[in-house]
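Numbers restart at 1 for each chain; the letters A, B, ... are given by sequence-line order, proteins then strands. The structure presented is a predicted model; accordingly, all values stated were derived computationally and were not measured.
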Amino acid sequence: MPRLALTIVVAALTLVLGGEPATVRGQALSGEYKIGVLEPLTGPLAFEGKRHLEGLEIVRDLINERGGVMGKRLAFSVADATDPTAAASEANRLITREGVKIITGTFSSRLCGAASEVAARHNVIYWESSCVDPRFNKRGLQHVYRTEIDATGFGWYNVEFIAKHLAPRLNLKPNQLKIAFLSEDSSYGQGVTESARQRAKAEFGMQEVTLEYYNWQTLNDMTPTILKMKQLNPDVVHHIGFGNDAVLFWRQSKEQNFLFKALVHAGATGYGGADFGKALGNDANGVFALLEPGPGFRLESLRPEGQQIERAFRDAVQKRTGSYPFGGHQLAGSGLWLLKLVLDRAQSDAPEKFRAAVMALDLPVGSVINGWGVKFSELGQNANERVQHYMLQWQNGQLVTVWPEEFTTLRAKWIPLGPWDQRK
Amino acid sequence: MDPARPLGPAQIDVLAQLAVATVLLGGIYALVSVGLTLIFGIMRVVNFAHGEFLMLGMYLAFWAFSLWALDPYFVLFVSIPVFFVVGLVTYALVMRGVIHASHNVQIFTTVGLSTVLQNVALVAWSGDFRFVRPWHLSTVLRAGGTIFNLTQVVAFLIAVALTAALVAFMRWTHAGRVMRATAQDRDAATLMGIDTDRVYRLSFAIGIAAVGSAGVLVAPLYSVYPTAGLQFVLLSYVVVVLGGLGDMLGAMLGSLIVAAVEVAGSYLFGAAWKEIFYFLLFILVLVFRPAGLFGQRGAETLGV
């Protein structure tokens with residue numbers, strides 16, 4: 001038996017290691033330019049990882065129909081980053097065995113840190129499209145870039161929405177607003193919440209009435225928290241939920257008749273996930289979630305070049321999946337498109353030339369997929385103001401785009417929320 | 001309650017509502033824990049897969065509801081025999097082999113079983129959060145200023161009924177007496193002619209039937225997903241230790257105590273504190289009353 005096992009292992013190793021062509025550096029001659037793609041394709045993060053890969057493949061094809069990169073056809077070397085250890089070892093493999101000079105990925109904040117660390121060690125460019133860990137760009141790594149905003153950017157946008165849209169519609173000045181902060185305690189939840197708190201207080205003088213963190217995985221009852229908040233009478237509840245907790249808070253708030261004027265969330269988890277609508281149906285009406293653009297998004301509000309690529313992108317997603325783009329498609333797709341724009345300018349994957357091209361890229365909002373613009377900071381982070389994000393609202397079973405108003409045909413309703421049974 | 005404010009009618013309402021929340025949450029914890037106290041108390045097996053059987057119960061309710069629109073209260077009747085059989089099969093395939101092994105082996109085995117069940121659920125039904133929404137889900141009852149969620153009230157009543165039934169079973173039936181004898185001293189029970197293997201099989205099957213049915217009952221209240229069991233499993237260990245191993249009434253009271261600590265802690269100090277409080281309580285009980293608050297002194301070492 002052990003001998004059989006050994007044979008199988010050796011055979012597998014031969015296939016995996018020996019099967020690869022030894023001359024990946026020959027890609028310069030083949031008319032193909034290969035980049036590394038790291039996404040979680042198995043394990044608990046696979047669902048989103050696969051969607052990201054789908055978005056990348058769709059945009060890769062769009063790029064190839066439009067001249068490829070640096071005059072060559074763009075190709076992927078895909079690796080499965082199921083957890084941080086695999087992310088690091090696969091990044092290493094892509095660099096040393098596949099010879100890639102650029103790696104993109106990775107959807108999860110659990111993965112991007114480990115993978116980019118390896119890339120930096122090999123002086124390879126790391127182009128992150130969607131992880132939101134605020135620490136990502138703050139490690140002094142020269143060739144690590146991120147096209148999406150980080151968790152603190154979500155907090156920035158939420159407060160922008162509360163101060164500039166909700167406050168006037170509630171006939172209150174921002175400094176008259178009372179906010180209750182509630183969040184699950186992951187690095188994401190804390191990143192969003194802390195940056196929102198800071199901006200709400202420092203820039204707008206909003207009144208924070210309470211701050212509460214909890215572990216969503218062991219939370220079985222939110223009644224005590226709701227009863228406490230009810231007495232504090234907040235105008236706005238800023239709640240970053242993850243899953244069950246969002247549904248539990250909303251359902252039990254209704255049971256306890258906890259009335260507030262608005263609830264604002266950020267991200268595709270909790271209130272931002274399709275599950276929330278499925279769990280509550282029309283009872284979900286009125287909740288706000290900061291996301292990528294959804295139904296209601298006005299293409300005409302983008303610049304001409306933005307309209308063109310956004311339309312092509314949506315058609316391609318529709319053709320492949322039969323539906324409107326999901327967040328994973330949108331983040332990965334726009335990230336890859338921005339990479340193409342940088343390579344068009346740099347005409348090189350040499351890290352220094354590439355960096356110069358990244359820093360020189362300056363496009364206003366509305367220029368690319370999702371209506372984004374570009375302006376990278378020295379840290380390699382795309383600017384909050386350019387990575388346009390949108391406030392979506394649950395309206396009769398659907399999350400629709402409601403803000404900024406110039407980007408959408410639909411309008412935010414139920415401000416203030418009003419009695420629970422009258423949000424029809 | 002805001003300590004700075006005088007005790008007005010509004011404050012009394014909040015206090016009453018917190019008490020109601022405690023009792024109703026305690027009912028859910030009791031539902032999950034009675035099966036565990038049976039398995040832990042009689043077999044002395046630390047079943048780390050307990051939460052996964054709860055999760056399977058939740059999925060049973062979910063599928064019955066989404067495929068055939070069956071109300072969880074109807075599914076409850078089906079779930080008892082179904083999970084009894086699941087318990088028998090699990091015992092035959094997994095537990096029987098390790099029942100006489102050391103605790104370490106049992107822990108590794110049940111942790112392994114737990115991981116297997118979670119991943120089977122993940123592969124078969126994906127990691128999505130699913131929901132069961134029967135018509136009575138958001139029905140609330142009002143009494144004075146306090147509000148009761150109907151589903152939780154029913155869960156509480158069934159928890160009480162289940163506990164009472166198990167107490168009666170253990171006290172007054174032959175099988176119950178045999179089970180208690182085995183719990184007290186496995187070797188002596190064998191010498192008295194008790195087929196301990198059969199006792200363990202029965203205890204395990206009853207325990208799993210209880211937790212599977214608990215899953216069906218709590219499915220409308222929480223999201224259904226592959227690791228849903230983890231939400232309750234550690235907590236049910238606290239309950240069982242608090243109440244004393246194998247003590248059904250103890251588990252019921254332990255559940256109410258844990259719920260009270262959780263509700264009061266969340267209200268007064270914040271939700272992040274609740275686990276600190278009930279695990280502190282757990283440690284204190286282990287240090288000062290290792291047999292549990294209501295258990296017999298010395299019972300913790302019996303049969304181990």
Side-chain angles (χ1 to χ4, degrees), chain A residues 42-48 50 182-185 189-190 210-232 241-258 269-270 273-281 283-284 420-421, chain B residues 1-2 5 10-11 13-15 17-18 20-22 24-25 28-29 32 118-119 122 126-133 137-140 142 146-150 152 218 221-228 230-235 259 262-275:
Chain A
T42 56
L45 303 172
F47 187 68
E48 270 300 317
K50 283 180 179 161
L182 178 66
S183 174
E184 49 92 15
D185 60 3
Q190 296 196 29
T210 184
L211 165 69
E212 191 138 346
Y213 287 110
Y214 58 84
N215 176 349
W216 77 270
Q217 279 170 307
T218 57
L219 189 77
N220 298 319
D221 190 8
M222 294 198 91
T223 316
T225 308
I226 291 165
L227 290 175
K228 190 160 62 173
M229 283 191 165
K230 208 170 157 181
Q231 292 180 309
L232 299 167
F242 192 90
N244 193 28
D245 49 338
V247 179
L248 202 59
F249 181 80
W250 199 249
R251 180 171 66 71
Q252 294 193 318
S253 289
K254 184 183 176 196
E255 282 171 17
Q256 296 296 334
N257 198 30
F258 175 26
T269 57
D275 295 334
F276 184 73
K278 275 187 211 151
L280 291 159
D283 275 350
W420 282 90
D421 52 3
Chain B
M1 204 173 76
D2 181 350
R5 272 190 262 175
Q11 306 295 88
D13 273 356
V14 169
L15 215 54
Q17 190 63 60
L18 287 172
V20 168
T22 300
L24 296 183
L25 187 63
I28 290 169
Y29 291 170
V32 180
Q118 279 173 24
N119 285 286
L122 184 67
S126 88
D128 289 0
F129 292 97
R130 320 252 194 171
F131 303 92
V132 183
R133 304 180 62 205
L137 172 61
S138 359
T139 311
V140 290
R142 282 165 209 279
T146 50
I147 295 150
F148 301 75
N149 173 305
L150 184 64
Q152 274 184 289
V218 302
L221 295 168
Y222 299 103
S223 316
V224 183
Y225 58 102
T227 52
L230 297 181
Q231 219 165 320
F232 299 96
V233 72
L234 276 182
L235 188 137
E262 178 174 338
V263 167
S266 306
Y267 185 77
L268 295 173
F269 298 95
W273 286 85
K274 66 175 183 114
E275 277 166 311

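When each of A/Leu280, A/Thr210, A/Asn257, A/Leu248 is scored by its heavy-atom pairs under 4.5 Å with chain B, the top score falls to A/Leu280. Highest contact tally toward chain A, considering only B/Lys274, B/Gln231, B/Gln152, is held by B/Gln231 [criterion: heavy-atom pairs under 4.5 Å]. Looking only at heavy-atom pairs under 4.5 Å with chain B, the residue among A/Glu255, A/Gln252, A/Lys230, A/Lys278 that has the most is A/Glu255. Note: B/Leu221 leads B/Leu234, B/Leu221, B/Thr227 in heavy-atom pairs under 4.5 Å with chain A.
Under the 30°/60° scheme for interplanar angles, the aromatic rings of B/Tyr225 and A/Trp216 are found to be tilted.
Of the two parts of A/Leu227, the backbone and the side chain both hold a non-hydrogen atom closer than 4.5 Å to a non-hydrogen atom of chain B. Contacts of B/Val140 with chain A are made by side-chain atoms alone, with heavy-atom separations under 4.5 Å and no backbone atom involved. Proximity to chain A is absent for every atom of B/Leu24, based on heavy atoms less than 4.5 angstrom apart. Contact of A/Asp185 with chain B is not made at all, since no heavy-atom distance falls under 4.5 Å. Both the backbone and the side chain of A/Thr218 have a heavy atom closer than 4.5 Å to some heavy atom of chain B. Only the side chain of A/Glu212 has a heavy atom closer than 4.5 Å to any heavy atom of chain B. Neither the backbone nor the side chain of B/Arg130 comes within less than 4.5 Å of any heavy atom in chain A.
Between the CG atom of A/Leu219 and the CD atom of B/Glu262 there is a distance of 7.5 Å, given to the nearest 0.5 Å.
The side-chain heavy atoms of A/Asn220 and B/Tyr29, taken from C-beta on, include a pair separated by under 4.5 Å.
Taking each heavy atom of A/Asp275 and B/Phe131 in turn, the nearest pair found is O-CE1, 3.2 Å.
Formation of a donor-acceptor pair under 3.5 Å by the A/Asn244 side chain with backbone atoms of B/Tyr222 is not found in this model.
Sparse packing is recorded around CH2 of B/Trp273, with 12 or fewer heavy atoms of other residues, nucleotides or ligands lying under 6.0 Å away.
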